[in-house]
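Side-chain atoms are counted along with the backbone in the values below, which use heavy atoms only and exclude waters and symmetry mates.
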Amino acid sequence: MLASDLAQLHSQLDKALAAARAQRDRSVRHLADFVSTPSLTGEEGAGQDYMRELLRKAGADIHDAEPDVEAMFAAHPDVAQYPTHWQHDLILPYADLPTFEALQASGLETVLNSTASSCA
């Protein structure tokens with residue numbers, strides 16, 4: 001990296017830090033509001049709605065996407081859970097772990113994606 005590039009990078013960093021410091025109180029207030037929004041595992045809709053609206057007001061382009069449930073079960077077989085097990089914010093392994101196929105057979109697959117859509 002050239003010295004001029006490094007100086008420009010430092011200048012941009014200084015500006016970004018100054019802007020962040022100037023908005024500290026507002027940032028802390030938004031963080032406190034977000035953290036106080038009920039948002040347990042499997043029930044994240046209200047927290048997602050809060051962040052979506054906050055980012056939209058800030059001018060961000062928002063793209064809502066639903067999780068790929070089958071991919072979650074495949075990628076995390078030791079901790080994947082049925083939505084009915086989501087009674088806390090801890091992801092705990094179970095002795096008899098559910099499979100994606102068992103989730104489909106239970107008829108509860110739509111529970112994973114219903115929270116955000118029902119809150120929108």
Side-chain angles (χ1 to χ4, degrees):
M1 180 175 272
L2 298 174
S4 61
D5 293 335
L6 191 55
Q8 183 180 11
L9 182 62
H10 279 287
S11 175
Q12 291 171 343
L13 180 58
D14 288 342
K15 288 177 185 175
L17 289 171
R21 287 184 189 107
Q23 298 298 324
R24 183 183 187 281
D25 291 344
R26 186 178 75 159
S27 296
V28 170
R29 186 177 69 251
H30 286 308
L31 179 59
D33 289 346
F34 175 65
V35 171
S36 68
T37 302
S39 186
L40 299 174
T41 302
E43 301 171 4
E44 299 92 347
Q48 292 170 350
D49 290 344
Y50 178 84
M51 290 305 298
R52 181 184 305 108
E53 188 58 27
L54 184 66
L55 292 168
R56 188 172 283 132
K57 286 179 181 178
D61 290 328
I62 307 299
H63 172 75
D64 290 329
E66 296 296 336
D68 181 335
V69 178
E70 185 173 11
M72 287 187 336
F73 269 77
H76 307 286
D78 294 337
V79 294
Q81 299 178 10
Y82 288 108
T84 55
H85 289 145
W86 292 349
Q87 298 175 10
H88 46 72
D89 262 349
L90 300 175
I91 304 299
L92 303 173
Y94 291 91
D96 297 317
L97 295 173
T99 63
F100 179 70
E101 292 75 19
L103 174 62
Q104 286 180 309
S106 74
L108 296 172
E109 182 181 5
T110 58
V111 174
L112 289 172
N113 295 328
S114 65
T115 305
S117 61
S118 66
C119 295

**OP:** Would you list the pairs meeting side-chain hydrogen bond (donor to acceptor under 3.5 Å, both in side chains) in which at least one residue belongs to residues 16-25, sequence neighbours left out?
**Re:** Gln23-Arg26

**OP:** Using the test salt bridge (charged side-chain N to carboxylate O under 4.0 Å, His left out), find all partners of Arg29 that sit at least two apart in sequence or belong to another chain.
**Re:** none

Original post:
Looking at residues at least two apart in the chain, or sitting in another chain, which of them share a side-chain hydrogen bond (donor to acceptor under 3.5 Å, both in side chains) with Asp5?
Top reply: none

**OP:** Identify the two heavy atoms, one from Pro38 and one from Ala46, that lie closest to each other, and give their separation to 0.1 Å.
**Re:** O-CB, 3.7 Å

Subject >> Partner residues of Ala74 under the side chain to side chain contact (heavy atoms under 4.5 Å, CB included) criterion, sequence neighbours left out >> reply: none

Subject >> salt bridge (Lys or Arg N to Asp or Glu O under 4.0 Å) contacts in which one or both residues fall within residues 53-65, not counting sequence neighbours >> reply: Arg52-Asp64, Glu53-Arg56

Output side-chain donor-acceptor pairs under 3.5 Å for residues 8-16, partner residues at least two apart or in another chain, one line each.
none

